[in-house]
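Note that the structure is predicted; figures quoted are calculated from it, not measured. The chain is numbered in sequence order, starting from 1.
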Amino acid sequence: YRAIILSAIKRSASGHNRSHTWSRRSRRYGNLSPGTREGDLPRLSLFLDTSGSISVEELNGFLDIVDEFLKVGSRRCEINLFSDINYYSTKYRLGDRSSQDNIKRSVNMGGTCLKSSLKKMHETKPDLSIVLTDGCYSNIEYEGWLKPGQSMPQVLWIISKDGQENHPLARLGSTIKIPK
């Protein structure tokens, strides 16, 4: 499962692109040729399930997985917490555990519904959305939100050790189950 996760990161989250620009001079040719600079880093959005079926230990494991993602590519991302709604969103940096207080307050809120999280993915259009969950939720008909020829952003589903690998939204992206 680690190889699949790393390949998804390399495809969309490791932005080591160089772009040419006239605003920076070339080291070799001066003002006769455009210089290069680092390209824009990709936008990464993470969605953590904090419903009643997820324990605090699983959430800490989810944050460890998030830190592993951030070591490879972009050092910053947006982290979203959801249970029945997407109730908390903030910027997250590698090793930042300040959102852990909000996680502890929200555990055991109730059932899981991904409708508001999928709407946020559709509106913000990140380069990669990673959803860490147990796979216990109902189906959502998101196809009605899309215009003709439009598709949802790339989604990677990471299912916890005791979760369901055959979840209702598996058609939306790749699914990886964390082994026991």
Side-chain angles (χ1 to χ4, degrees), residues 1-15 40-55 58-70 72-74 76-90 92 99 103 106-180:
Y1 80 100
R2 292 178 193 263
I4 296 171
I5 291 174
L6 285 175
S7 69
I9 294 170
K10 287 178 183 175
R11 274 195 311 259
S12 59
S14 62
D40 295 331
L41 289 174
R43 293 183 315 137
L44 185 64
S45 290
L46 297 151
F47 295 87
L48 298 178
D49 184 359
T50 59
S51 63
S53 60
I54 302 290
S55 67
E58 283 180 308
L59 285 173
N60 288 332
F62 284 167
L63 287 175
D64 292 338
I65 291 172
V66 168
D67 286 342
E68 291 297 321
F69 271 101
L70 297 180
V72 174
S74 177
R76 295 180 186 160
C77 67
E78 180 183 15
I79 193 165
N80 299 283
L81 304 178
F82 70 93
S83 60
D84 54 344
I85 59 168
N86 195 359
Y87 63 89
Y88 182 73
S89 177
T90 188
Y92 184 80
S99 61
I103 291 172
S106 64
V107 171
N108 299 328
M109 283 183 66
T112 306
C113 181
L114 285 167
K115 187 172 185 176
S116 62
S117 297
L118 288 177
K119 280 195 182 243
K120 184 160 187 168
M121 284 181 213
H122 176 65
E123 292 167 1
T124 59
K125 294 181 179 39
D127 295 320
L128 176 64
S129 296
I130 301 168
V131 182
L132 297 139
T133 182
D134 60 353
C136 298
Y137 45 82
S138 61
N139 189 17
I140 296 167
E141 299 297 330
Y142 65 88
E143 289 87 0
W145 307 339
L146 304 175
K147 296 177 183 171
Q150 187 181 23
S151 63
M152 287 289 282
Q154 183 181 3
V155 179
L156 178 65
W157 302 91
I158 300 179
I159 307 296
S160 64
K161 295 176 185 177
D162 298 324
Q164 297 179 17
E165 193 170 359
N166 299 325
H167 57 95
L169 293 172
R171 67 187 185 278
L172 188 56
S174 302
T175 302
I176 300 169
K177 183 170 181 169
I178 299 172
K180 292 185 180 184

| Derivation and outcome, side-chain contact (heavy atoms from CB on, under 4.5 Å), residues Asp127 and Leu44 | CA-CA 6 Å; Asp127 295 320; Leu44 185 64; over 6 Å; no
Interatomic distance, [X] atom [atom1] to [Y] atom [atom2] [nearest 0.5 angstrom]:
X      : Y      : atom1 : atom2 : value
Leu132 : Ser160 : CG    : OG    : 9.5 Å
Ile176 : Ser174 : CD1   : OG    : 6.5 Å
Leu169 : Thr175 : CG    : OG1   : 9.0 Å
Ile130 : Trp157 : CD1   : CH2   : 12.0 Å
Ser83  : Leu48  : OG    : CG    : 12.0 Å
Met152 : Gln154 : CE    : CD    : 12.5 Å

| task | Step through the shown structure and confirm whether more than 12 heavy atoms of other residues, nucleotides or ligands are within 6.0 Å of CG on Asn166. | result | no
| said: Please check if the number of heavy atoms outside Lys161 that lie under 6.0 Å from its NZ is greater than 12. | reply: no
Could you tell me whether the side chain of [X] and the main chain of [Y] form a donor-acceptor pair under 3.5 Å?
X      : Y     : answer
Thr50  : Phe82 : yes
Lys120 : Asn86 : no
Asn80  : Leu46 : yes

| said: Tell me the closest heavy-atom pair linking Met121 and Val131, and the distance in Å. | reply: CE-CG2, 3.5 Å
| At their closest point, which heavy atom of Pro168 faces which heavy atom of Gly135, and how far apart are they? |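 Shortest heavy-atom separation between Pro168 and Gly135 comes out as CD-O, 4.2 Å.
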| So Tyr142 and His122, side-chain contact (heavy atoms from CB on, under 4.5 Å) or not? Walk me through it. | CA-CA 9 Å; Tyr142 65 88; His122 176 65; over 6 Å; no
| Run the side-chain hydrogen bond (donor to acceptor under 3.5 Å, both in side chains) check on His167 and Tyr137 step by step: do they pass? | CA-CA 7 Å; His167 57 95; Tyr137 45 82; 2.7 Å; yes
| When you check the side-chain N and O atoms of Asp49 and Ser51, is any donor under 3.5 Å from an acceptor? |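 Checked: Asp49/Ser51 side chains pair up, N/O donor to acceptor below 3.5 Å.
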| said: Ignoring hydrogens and geometry beyond distance, is a side-chain donor-acceptor pair present between Glu78 and Ser89 at under 3.5 Å? | reply: yes
| query | Any side-chain heavy atom of Phe47 sitting closer than 4.5 Å to one from Ile79? | reply |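 No. Closest side-chain heavy atoms not under 4.5 Å.
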| message | With a 4.0 Å cut-off on N to O distance, would you call Lys115 and Glu141 a salt bridge? | response |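 So Lys115 does not pair with Glu141 through a salt bridge.
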| task | Mind running side-chain contact (heavy atoms from CB on, under 4.5 Å) on Thr133 and Ile159 for me, showing each step along the way? | result | CA-CA 5 Å; Thr133 182; Ile159 307 296; 4.0 Å; yes
| Option from Leu156, Val155, Leu114 for which side chain to side chain contact (heavy atoms under 4.5 Å, CB included) with Leu172 holds |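 Result for side chain to side chain contact (heavy atoms under 4.5 Å, CB included) with Leu172: Val155.
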| Stepwise side-chain contact (heavy atoms from CB on, under 4.5 Å) check, Ile158 with Lys177 | CA-CA 6 Å; Ile158 300 179; Lys177 183 170 181 169; over 6 Å; no
